[in-house]
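Below is one structure; the comments refer to it alone.
Ligands are counted one by one from 1 in listed order, and the atoms in each one are counted from 1 as well. Predicted model only: the values in this text are computed from it and were never measured.
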Amino acid sequence: MFRKIRHYNDKFHFMGLHHIIKIKFIMMKRELFPVFVFIIAFGLLPAACNSQVADTWKASPEIVAKSSESQSDFNYYEEKVQSYALPDILVTKSGKKITTAREWKIERRPEILELFRENVFGRVPATLYTRSFKVVYEDKNAMDGAATLKQVEITIKSEGKSLVIHLILFVPNRVKKPVPAFLLIDNRGPGNTDPTRKTKSEFWPAEEVIARGYAISVFSNSDVDPDNFDDFKNGIHGLLDRGIRKPDAWGSLAAWAWGASRCMDYFETDMDINNKEVAVVGHSRGGKTALWAGAEDQRFSLVIGNESGAGGAALARRRYGETVARLNSAFPHWFCTNYKKFSGNEDAMPVDMHMLLALTAPRALYIDCASDDLWGDPRGCYLALYNALPVFQLFDKKSMVPLLMPPLNKQVFSGHTGFHIRDGVHNMLLQDWNCFMDFADNVWK
Ligand code: GTR
C-alpha cells in the first residue's frame with residue numbers, strides 16, 4: 001500500500017512503480033534490449049548527473065537561511081527532510097492494483113475523494129437549499145467596448161435564511177460565443193477585482209484575459225464564509241449546518257469550494273459561457289480551495305492551484321515550510337476536525353496531496369509556485385504533481401512533466417498537466433496568468 005521513496009533529489013522518481021513495470025517489460029523482450037540500453041544511457045544517467053542540475057530549480061541558500069531564521073520552528077533545509085512513504089495512488093484500500101482508467105473512475109477515485117472528505121476538507125451537509133441567479137448590472141461596452149460586464153447575484157436560501165454570492169464576469173465582445181472562462185476564488189478582497197476597472201491588479205488581470213479571448217470572473221470567498229474562526233456560526237455554515245458539528249463536517253476551504261460550484265451553476269445558465277471549458281483558479285488559501293473545488297466538482301475542466309502550499313499541492317509528509325500542525329493551529333476553521341489528528345502525525349494520514357491532484361484527472365491540472373515562497377514548499381508541490389502522473393497517464397500518456405523540476409520561469413506542460421516556478425515572492429501575477437492561458441490554449445485548443 002505504501003511505497004518508500006527517497007526525498008532529496010528528483011532521481012527518486014525512477015523508483016515509481018510505473019517506470020519499473022515499463023523497464024521490466026522492455027527487458028522481457030530480448031529484441032528490445034538495445035532500447036533498454038539506450039534509455040539507461042541517454043535517459044537515466046544524464047538525469048542523475050550533475051550537469052543537469054543547472055537546469056533544475058533549487059531553493060536559493062540565502063532564502064533558505066532567511067526563511068529558517070525568521071521561522072526557526074519550521075524546516076527549510078532539503079537535507080533535513082526525513083524519508084517518508086507515500087500512499088500508493090493506484091492501490092485500493094482492499095489492496096487491489098488499479099490498471100485502467102475505468103477502474104480508477106469507478107473504484108479508486110471515489111475512495112480517495114471520500115478519504116479527503118473524511119480526513120481533510122470535510123463533508124458538505126445534505127441540507128436542502130434553493131439558489132437563484134439575477135444579473136443585477138450589465139454593461140455591454142465595458143473595457144472600452146472590448147467586453148461585456150455582468151454582475152450577478154447568486155442567492156442561496158434555506159429555511160428562511162439567505163446568503164448572496166456576488167459574481168463579477170467579463171465576457172469578450174469580439175469572440176464567437178460561447179467562450180471558455182476563468183473563475184477566480186478571491187481571497188484578497190475587492191481591491192484586486194474592481195468591476196469599474198479604475199483600480200487594476202495583476203492578481204486578476206481582466207483586460208489581458210479578455211484580450212486573449214477568454215471570459216474572466218471572480219467571487220469573494222468571504223461572501224460564502226468569512227475567513228475567521230467563529231465556531232462556524234456565520235456564512236454558509238450558519239445557513240446550512242444542522243445539529244452538533246461532526247468531526248468530518250466541512251471547514252471554510254470546503255465552503256469556498258462549494259461557492260465556486262454555485263458560480264459554475266450560474267455559468268450553466270449563461271449562453272455566453274462555454275460551461276465545458278471553465279477553469280477554477282486560486283492563490284494560496286484560494287489555491288488549496290481551487291484544488292478541492294476541482295476534486296468535488298468535475299464540471300471544472302481546468303484546475304489551477306497557484307502557490308497553494310501546505311493543505312494544497314505540497315506533500316504533507318515532507319514537513320517542509322508550513323506543516324499540518326501549523327495549519328490547524330493558525331487556521332482552525334479551514335479544515336475538518338479530523339484533520340487535527342494529523343498535526344505532527346503526517347505519516348498516519350491515509351492520503352497525501354499527490355492524491356488530491358490526481359482527483360482532477362483526466363481533466364487538466366496546472367500547479368505553480370514562487371521561488372521565494374519556501375513556506376509553500378515548491379519542491380513538495382512539484383513532487384505531488386509528479387506522483388499524480390500515473391493517474392493522468394491512465395487516460396492520456398501525453399500528460400507529463402519532466403523528471404527534474406524545471407528552472408525558474410520556464411513553463412512545462414504536456415497533455416493535461418503543467419507547471420512553472422516563478423521568480424519572486426508569494427503572489428499571483430500577470431506572468432503566472434500568461435502561463436495559465438498558454439496552458440489553457442493548449443488544453444482547450
Ligand atoms: C498563510 C498560510 C498559507 C497560505 C497563505 C495565504 O498565512 O500559512 O497556508 O494560505 O496564508 O493564503 O496567503
Side-chain angles (χ1 to χ4, degrees), residues 59 63 66-68 70-76 116 120-122 184-193 201-204 218-229 235 251-257 259-260 280-295 303-336 339-340 342-344 346 349 352-353 356-357 367-382 384 421-422 424-429 432-433:
I63 296 177
K66 217 167 94 191
S67 310
S68 190
S70 64
Q71 283 155 311
S72 53
D73 290 346
F74 299 91
N75 176 41
Y76 286 96
F116 274 100
V120 184
F121 298 100
L184 173 67
I185 300 166
D186 180 35
N187 55 297
R188 285 219 171 157
N192 290 291
T193 59
S201 157
E202 289 194 36
F203 195 73
W204 192 66
V218 64
F219 76 98
S220 170
N221 63 346
S222 61
D223 277 1
V224 184
D225 192 24
D227 190 1
N228 55 41
F229 181 63
S252 294
L253 297 175
W256 302 334
V280 62
V281 189
H283 161 75
S284 204
R285 66 198 71 189
K288 306 180 210 303
T289 307
L291 295 173
W292 184 237
V303 178
I304 303 172
N306 163 273
E307 296 159 34
S308 58
L315 291 177
R317 281 167 172 79
R318 276 171 50 83
R319 305 163 187 92
Y320 183 105
E322 187 169 32
T323 58
V324 173
R326 147 78 201 203
L327 282 169
N328 279 324
S329 62
F331 310 103
H333 55 298
W334 280 4
F335 297 88
C336 71
Y339 191 56
K340 298 193 168 49
F342 306 110
S343 290
E346 291 84 351
M349 285 172 75
D352 212 317
M353 301 328 238
L356 174 65
L357 302 193
I367 299 296
D368 70 307
C369 302
S371 62
D372 298 1
D373 179 26
L374 299 185
W375 182 239
D377 189 11
R379 181 171 303 275
C381 294
Y382 194 74
I421 175 160
R422 173 180 50 72
V425 297
H426 188 59
N427 203 347
M428 187 158 68
L429 301 175
D432 300 312
W433 278 94

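Both tests hold for Arg318 against Tyr320: distance to the six-membered ring centre under 6.0 Å, angle to the ring axis within 45°.
The nearest protein atom to atom 4 (C) of ligand 1, hydrogens excluded, is given as Ser284 OG, 2.9 Å; this is a heavy-atom distance. Regarding atom 11 (O) of ligand 1, its nearest protein heavy-atom neighbour is Arg285 NH2, 2.9 Å. Ranking the protein heavy atoms by distance from atom 7 (O) of ligand 1 puts Phe331 CZ, 3.4 Å first. Regarding atom 9 (O) of ligand 1, its nearest protein heavy-atom neighbour is Glu322 OE1, 2.5 Å.
Arg326 counts as a contact of ligand 1, since one of its heavy atoms falls under 4.0 Å from the ligand.
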Check: What's the verdict on side chain to side chain donor-acceptor pair (under 3.5 Å) for Arg188 and Asn427, showing C-alpha distance, side-chain angles and the deciding distance?
Finding: CA-CA 10 Å; Arg188 285 219 171 157; Asn427 203 347; 2.9 Å; yes
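Asp368 has no carboxylate O lying under 4.0 Å from a charged side-chain N of Arg422, or vice versa, which leaves the two without a salt bridge.
A centroid separation of less than 6.0 Å is found between the aromatic rings of Phe74 and Trp375.
Inclusion of Trp334 in the set of residues having an N or O under 3.5 Å from an N or O of ligand 1 is not warranted.
Once rounded to the nearest 0.5 Å, the distance linking OG1 of Thr289 with CD1 of Ile185 reads 5.5 Å.
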